[in-house]
Amino acid sequence: KAGVTQTPRYLIKTRGQQVTLSCSPISGHRSVSWYQQTPGQGLQFLFEYFSETQRNKGNFPGRFSGRQFSNSRSEMNVSTLELGDSALYLCASSFTGGETEAFFGQGTRLTVV
Amino acid sequence: SQELEQSPQSLIVQEGKNLTINCTSSKTLYGLYWYKQKYGEGLIFLMMLQKGGEEKSHEKITAKLDEKKQQSSLHITASQPSHAGIYLCGAASTGNQFYFGTGTSLTVIP
């Protein structure tokens with residue numbers, strides 16, 4: 001079966017702009033989680049969506065938001081980009097989230113200049 | 001919040017050598033996952049451990065979860081260059097959050 005697909009793979013934006021990243025989960029999976037990975041902070045949880053509802057949110061500012069559509073595809077939006085937002089953004093899908101096995105996409109490498 | 005500490009932070013080994021990576025949790029683990037990541041790419045699921053004392057193997061990689069369920073180890077036998085990458089342990093907590101360890105960077109020298 002097809003894996004988790006993230007688009008785009010690479011993105012370069014300037015400070016102050018906004019960006020939208022997309023994640024298509026594995027068919028049948030209803031939970032999508034987003035993570036930010038930076039050399040200094042490692043992998044950090046952003047938020048998790050299940051059946052179009054945000055179930056949990058990590059400790060990120062309100063500039064980071066997301067949504068999930070009825071087909072379980074999810075988008076993540078970052079507004080007013082800062083240099084520190086440069087990171088690899090990973091999404092993971094699973095059947096129900098929590099302790100079920102999560103499958104990760106290849107990630108979107110965002111560079112803010 | 002749950003914290004997962006991995007050691008060592010980085011490892012450089014000669015091809016053919018065995019190695020062990022540890023993951024220690026600040027809380028009891030109810031499910032411990034091991035992932036491998038190539039630089040700049042997504043995570044590849046290796047295995048999941050749930051029961052205290054459980055041990056699983058896949059090819060030359062063996063992972064164990066200790067009886068008290070607060071520590072896990074990942075052991076690679078006869079390492080190969082293909083084993084190189086970043087190894088991450090992860091655990092789910094209440095509230096559907098998933099936490100990752102600090103990561104261990106493995107380099108295998110041919």
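Chain identifiers are assigned alphabetically (A, B, ...) following the order of the sequence lines, protein sequences preceding nucleic acid strands; residue numbering begins at 1 within each chain.
Within a 6.0 Å sphere centred on CG of A:Asn71, other residues, nucleotides and ligands contribute more than 12 heavy atoms. Atom CD1 of B:Ile12 has 12 or fewer neighbouring heavy atoms from other residues, nucleotides or ligands inside a 6.0 Å radius. For A:Lys13, the NZ atom sits in a packed shell: over 12 heavy atoms of surrounding residues, nucleotides or ligands are nearer than 6.0 Å. Shown here is B:Lys38, whose NZ atom has more than 12 heavy atoms of other residues, nucleotides or ligands within 6.0 Å.
Atom CG in B:Leu43 sits 10.0 Å away from atom CD in A:Gln106 (nearest 0.5 Å). Atom-to-atom distance recorded for B:Glu41:CD and A:Arg9:CZ is 6.5 Å, nearest 0.5 angstrom.
Counting only residues at least two apart or on different chains, the salt bridge (Lys or Arg N to Asp or Glu O under 4.0 Å) pairs with a member in residues 78-92 of chain A are A:Arg63-A:Glu82, A:Arg63-A:Asp85.
For B:Tyr35 and A:Tyr35, the ring centers are positioned 6.0 Å apart or more.
In this structure, chain B has a heavy atom under 4.5 Å from the side chain of A:Gln37, while its backbone stays farther away. B:Leu88 touches chain A through its side chain: at least one heavy atom from C-beta onward sits under 4.5 Å away, while N, CA, C and O do not.
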